[in-house]
Amino acid sequence: YFLHGTDNDREIGRAASRGCVRLRNQDMVELAQLVHRYSGPDLAPAEVQGLVTQTRRTRHLTLSRPVPVELVYEVVELRDGTLHVHEDPYRRLAAPIEELAMQALVESGVSAAEVDGEALRSAVTAGTPVAVPIETLLQAAAVASR
């Protein structure tokens, strides 16, 4: 498997190949810098910056020590105050999408009683990908109290 960046946001969260994991370019740069700090190789800061600025070139670097990686298949996620629903190309949903969306909201601190069930149902059945601000999924009273 390869992890790599892309400047095409439509490829994020979609099955666009048979095993690559696409990240936004900035997320990939941050991940690469984190891995470099954790596991080397020892590169001068100027070398690291050179790698960062050349985003179109593929590089293979041998790490000083292994880095454990866990790939998590998430169809629903909350990011920056927005509920994101991705397609499920591998048909691996553990529960109905509406239930997974509600679970994600509750895990983020939103009370289930605050959620407008019809707005949530409408959002998750609109197709994928979907990005919905959390405020649009809350009942009017819940929005006013936040």
Just to verify, what does [X] make a side chain to side chain contact (heavy atoms under 4.5 Å, CB included) with, not counting sequence neighbours?
{"X": "S122", "result": "none"}
{"X": "D7", "result": "N25, R56"}
{"X": "A126", "result": "V130"}
{"X": "P133", "result": "E135, T136"}

Remaining members of hydrophobic cluster (4.5 Å side-chain criterion), V67: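 In the cluster with V67 are L3, V21, L23, M28, L31, V35, Y38, L63, V69, L71.
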For the residue pair [X] and [Y], what are the closest heavy atoms and their distance?
{"X": "A123", "Y": "V132", "answer": "CB-CG2, 3.8 Å"}
{"X": "C20", "Y": "H4", "answer": "CB-NE2, 3.6 Å"}
{"X": "L93", "Y": "V75", "answer": "CD2-CG2, 3.5 Å"}
{"X": "V76", "Y": "A101", "answer": "CG1-CA, 3.7 Å"}
{"X": "T82", "Y": "H84", "answer": "O-CD2, 3.4 Å"}

Could you tell me whether the side chain of Q139 and the main chain of A113 form a donor-acceptor pair under 3.5 Å?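 Yes.
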Counting distance only, does the side-chain N/O of S39 pair as donor-acceptor with the main-chain N or O of H36 below 3.5 Å?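 Flag not set: sc S39 to bb H36 has no pair under 3.5 Å.
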If the condition is side-chain hydrogen bond (donor to acceptor under 3.5 Å, both in side chains), which residues does [X] pass it with, not counting sequence neighbours?
{"X": "R37", "result": "none"}
{"X": "Q26", "result": "E30"}
{"X": "E118", "result": "R121"}
{"X": "D27", "result": "none"}

Between V106 and L78, is there shared hydrophobic-cluster membership here, with clusters defined by ILVMFWY side-chain heavy atoms closer than 4.5 Å?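 Yes; L78 is reachable from V106 via cluster members.
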Who passes salt bridge (Lys or Arg N to Asp or Glu O under 4.0 Å) against R92, sequence neighbours left out?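 None.
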Report the residues that fulfil salt bridge (Lys or Arg N to Asp or Glu O under 4.0 Å) with E99, sequence neighbours left out, ordered by chain and then residue number.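 Expected list: none.
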Show the numbers, then the answer: is there a side-chain contact (heavy atoms from CB on, under 4.5 Å) between L105 and L120? CA-CA 10 Å; L105 289 165; L120 179 62; 4.2 Å; yes
Output the distance between atom OG1 (T6) and atom CD (E11), rounded to the nearest 0.5 Å.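 Nearest 0.5 Å value for the OG1-CD distance: 4.0 Å.
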I'd like to check the ring pair (Phe, Tyr, Trp, His ring centres under 6.0 Å) partners of F2; sequence neighbours left out, ordered by chain and number.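 With sequence neighbours excluded, F2 shows a ring pair (Phe, Tyr, Trp, His ring centres under 6.0 Å) to no residue whatsoever.
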